[in-house]
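Working notes for the structure below.
In what follows, every heavy atom counts, from backbone to side chain, and hydrogens, waters and symmetry copies are set aside.
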Amino acid sequence: MGKELITRVKGVKDILPAQSIRWLEVESLARLLFSTYNYQEIRLPVFEKTEVFARSIGETSDIVEKEMYTFQDRGGESLTLRPEGTASMVRAYVENSLYGRGGVQKYYYLGPMFRAERPQAGRFRQFHQIGAEVFGSDDPAVDAETILLLVTFLTGVGVGGLEVRLNSLGCPACRPSYRAALTAFLQTRLTRLCDNCRGRIGRNPLRALDCKSPSCQEAVKDAPVIGDHLCEGCRTHFGRVRALLESQQVAYALDPRLVRGLDYYTRTAFEVTSSRLGAQNAIAGGGRYNGLVEEFGGPPTSAIGFAVGIERLITLLEGGPDLEHAPDVFVVGAGESVLVDDKVFEVAQNLRVAGIFADRAFGGGKLKNQMKKADKSGAMVTVIVGDDELTKNVATVRIMKTGEQHSVPFDELAQWLSEFVNNEEQFEDDDFDG
RNA sequence: GUGGGUGUAGCUCAGCUGGUAGAGCUCUGGAUUGUGGUUCCAGCCGUCGCGGGUUCGAUCCCCGUCACUCACCCCA
């Protein structure tokens, strides 16, 4: 106290134990499930040369225009804290010649992303994503499988009430004609568009469809729809994606306005939203980006991917009990002698080596106070080591819930406790199922 | 970058047209000798975000500033 507090940077969070447990659960499930679909992890750097993002995400995107954490390193090179994962993934795919392995490659990543935006509910300057990318196939089954993985993951971690929105953005063959039609349409209602969209018409007219400004939404209500402009290839591709999703009862809504903020998307685009999230309601988003690998100097390679926002996912999981980890066993000492202190130290260590989650009282004091610490720790069993125990060479084991106590020889203690703990956990699981 | 809301003990908050602050929880100690959770008793903790102004006097009024928060833009 007294010294001026050093606080965290705006828009970042400390994830405390009550929450970090959930994070661990979410990440573990992701790893397991993604592996089930034959994805492998790639650990990417959190910063890259600025061109990696500037080139791929699109110069006109908000991310590149105003949201990147860009700085010069000591050599004067411009570097950027990654605002998303796909660009790094593609860079790594090309740089490591992963296309040389042939066939379809599936990778996932997980970690922090950085965007210099004004924070608000569900939006942070450092946030975390779990992302998946598939390279090497334009088969609509890949699109469907990818979306299915996403949906399976989200329901698997326990979030409900989600909406999947789906659209096709066309390809270099058909998008230009749509873009022209849309631009012509927007020109006729210039006055009704917001400043932002008016400025974007020439550079990226599709974004007007996505704009949340009421006047824009009204203005684009009967704008041309991309679906009417898809080429034969894109049309059949999209139809197949939908059919496959339907075959697995994946509920989705077609949304011709879904264009996504990043420029690299082609064909399939999708987003998962929840009405329980506030204004920033997208929990995951993704799409196909068939031109990006080539853009990075690789061979022409079809690819598709998605990213899930972990913070937003966790928000939807909140409300359950706060389960902080508690040790199974807590060791206390009765008596001030060094012998007791030594024995407590030894017992705690022996239990841990035996694989038992154990902690102990520190700082000595009366048994009563140490029992309070034992209680507060949440441990189900307390091991009492005192002068009496030392002379008899047995530990006193107290079951906290019932208050019953047992005398257990020290050399049998680890065995006794691990059996007891296993039985209790078994019992709790059975109880839980019932 | 723009707008709204909030800023009082570790936490959640109270504080009536302005008279320099409380409550609950937490925490610490105690209720006789080696036994926790309940109960009872006692105790600690505040530059009322910061700076200025009005006033005899401001936590409460005014101005500024900072922080947090929500929303716009956009996205995870």
Side-chain angles (χ1 to χ4, degrees), chain A residues 1-2 4-5 7-13 57-58 60-67 82-86 110-131 150 154 194-197 199-200 204 207 210-214 216 258-262 271-274 277-286 306-316 330 332-337 340 361 363 365-390 396-405:
Chain A
M1 301 293 267
E4 199 177 324
L5 208 57
T7 60
R8 68 186 101 94
V9 169
K10 183 200 286 290
V12 307
K13 281 262 195 288
I57 296 172
T60 65
S61 71
D62 280 15
I63 291 178
V64 172
E65 278 184 347
K66 55 183 194 192
E67 294 172 4
R82 63 177 181 188
E84 59 111 36
T86 298
L110 153 178
M113 306 293 161
F114 306 86
R115 265 129 88 159
E117 302 177 277
R118 271 288 241 283
Q120 72 184 72
R123 186 164 68 198
F124 314 99
R125 290 188 170 180
Q126 176 176 334
F127 61 101
H128 298 76
Q129 290 186 329
I130 300 174
L150 173 57
L154 293 175
C194 69
D195 294 348
N196 224 324
C197 288
R200 279 195 298 229
N204 197 344
R207 298 288 294 288
D210 217 17
C211 186
K212 281 179 189 156
S213 138
C216 289
L258 177 68
V259 300
R260 318 270 312 140
L262 285 57
E271 208 166 271
V272 182
T273 56
S274 165
L277 277 177
Q280 308 306 323
N281 62 356
I283 181 171
F306 66 77
V308 183
I310 307 184
E311 280 82 356
R312 293 182 186 176
L313 178 55
I314 299 278
T315 300
L316 292 175
F330 198 85
V332 304
E336 300 291 323
S337 80
V340 168
K366 291 198 240 179
L367 180 59
K368 184 184 180 70
N369 285 328
Q370 299 207 46
M371 288 305 291
K372 280 189 181 176
K373 291 174 186 172
D375 183 53
K376 219 164 68 176
S377 79
M380 61 173 127
V381 178
T382 299
V383 172
I384 300 167
V385 178
D387 297 321
D388 292 355
E389 282 78 5
L390 286 183
T396 298
V397 174
R398 181 179 178 87
I399 314 306
M400 297 303 269
K401 200 158 58 179
T402 61
E404 63 182 293
Q405 300 196 161

Scoring nucleotides 35-43 of chain B by protein non-hydrogen atoms under 4.0 Å (B base, S sugar-phosphate only, - none) yields BBB------

Do side-chain atoms of R312(A) reach the backbone of I283(A) as a donor and acceptor pair under 3.5 angstrom?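 Answer holds: no.
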
For G11(A), is there any backbone N or O sitting under 3.5 Å from a side-chain donor or acceptor partner on R118(A)?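 No, because the side chain of R118(A) does not come within donor-acceptor range (under 3.5 Å) of the backbone of G11(A).
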
Can you name the residues that form a side-chain hydrogen bond (donor to acceptor under 3.5 Å, both in side chains) with R398(A), not counting sequence neighbours?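 Per chain and number, R398(A) pairs via side-chain hydrogen bond (donor to acceptor under 3.5 Å, both in side chains) with Q405(A).
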
Kindly write out the residues that satisfy side-chain hydrogen bond (donor to acceptor under 3.5 Å, both in side chains) with T7(A), not counting sequence neighbours, or none if the list is empty.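 Testing T7(A) for side-chain hydrogen bond (donor to acceptor under 3.5 Å, both in side chains), a comparison that skips the adjacent residues, returns none.
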
Begin from the C-alpha positions of Q370(A) and T382(A) and carry the test side-chain contact (heavy atoms from CB on, under 4.5 Å) through to its verdict. CA-CA 10 Å; Q370(A) 299 207 46; T382(A) 299; over 6 Å; no

Could you give me the stems involving RNA chain B, meaning stretches of three or more consecutive Watson-Crick or G-U wobble pairs whose two defining distances are both below 3.5 Å?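 So the stems come out as B:1-7 with B:66-72, B:10-13 with B:22-25, B:27-31 with B:39-43, B:49-53 with B:61-65.
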
Applying a 4.0 Å non-hydrogen cut-off, can you work out what G122(A) is touching in the nucleic acid: base, sugar-phosphate, or nothing?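 G122(A): base contact, heavy atoms under 4.0 Å.
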
[atom1] gap between [N] and [M], integer Å:
N       : M       : atom1 : answer
rU12(B) : rU69(B) : P     : 13 Å
rA9(B)  : rC50(B) : P     : 10 Å
rU26(B) : rU38(B) : P     : 8 Å
rG51(B) : rG7(B)  : C1'   : 15 Å
rG64(B) : rC70(B) : P     : 25 Å
rG1(B)  : rC61(B) : P     : 28 Å
rC72(B) : rC11(B) : C1'   : 33 Å
rG22(B) : rC45(B) : C1'   : 14 Å

[X] [atom1] to [N] [atom2]: how many Å, rounded?
X       : N       : atom1 : atom2 : result
Q370(A) : rG34(B) : CD    : P     : 12 Å
E84(A)  : rC74(B) : CD    : P     : 18 Å
Q280(A) : rC72(B) : CD    : P     : 6 Å
Q120(A) : rG5(B)  : CD    : P     : 17 Å
E67(A)  : rC72(B) : CD    : C1'   : 13 Å
R312(A) : rA76(B) : CZ    : P     : 8 Å
F124(A) : rA76(B) : CZ    : C1'   : 10 Å

Could you pull out all residues at least two apart from R123(A) that satisfy salt bridge (Lys or Arg N to Asp or Glu O under 4.0 Å)?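 Listed in chain order: E117(A).
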
Both I310(A) and R123(A) contact RNA chain B. Which one's nearest nucleotide lies toward the 5' end?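 Result of the comparison: R123(A).
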
Map D388(A) and F127(A) onto RNA chain B by nearest heavy atom, then report which one ends up closer to the 5' terminus.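 Residue closer to the 5' terminus by nearest nucleotide: D388(A).
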
Mark yes or no for a side-chain to base donor-acceptor pair under 3.5 Å between Q126(A) and rA76(B), with no hydrogen or angle criteria applied.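 Side chain to base: no pair below 3.5 Å.
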
Between the base of rC74(B) and the side chain of R115(A), is there a donor and acceptor pair under 3.5 angstrom?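 When only heavy-atom distances are counted, R115(A) does not reach the base of rC74(B) through any donor-acceptor pair under 3.5 Å.
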
Shortest side-chain distance from A121(A), nucleotide among rA71(B), rA76(B), rG34(B):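 Side chain of A121(A) sits closest to rA71(B).
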
Closest nucleotide among rG30(B), rA76(B), rC72(B) to the K366(A) side chain: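 Among the listed nucleotides, the one closest to the side chain of K366(A) is rG30(B).
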
Please report the C-alpha distance between E311(A) and Q126(A) in whole Å, then the side-chain angles of each, then the deciding distance to 0.1 Å, and finally whether the side-chain contact (heavy atoms from CB on, under 4.5 Å) criterion is met. CA-CA 10 Å; E311(A) 280 82 356; Q126(A) 176 176 334; over 6 Å; no

Are any protein N/O atoms closer than 3.5 Å to N/O atoms in nucleotides 66-68 of chain B? If there are, list each pair with its distance.
from	atom 1	to	atom 2	distance (Å)
rC68(B)	OP2	K10(A)	NZ	2.8

Would you call V332(A) and M371(A) a side-chain contact if the rule is heavy atoms closer than 4.5 Å?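 Answer yes - side chains close enough.
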
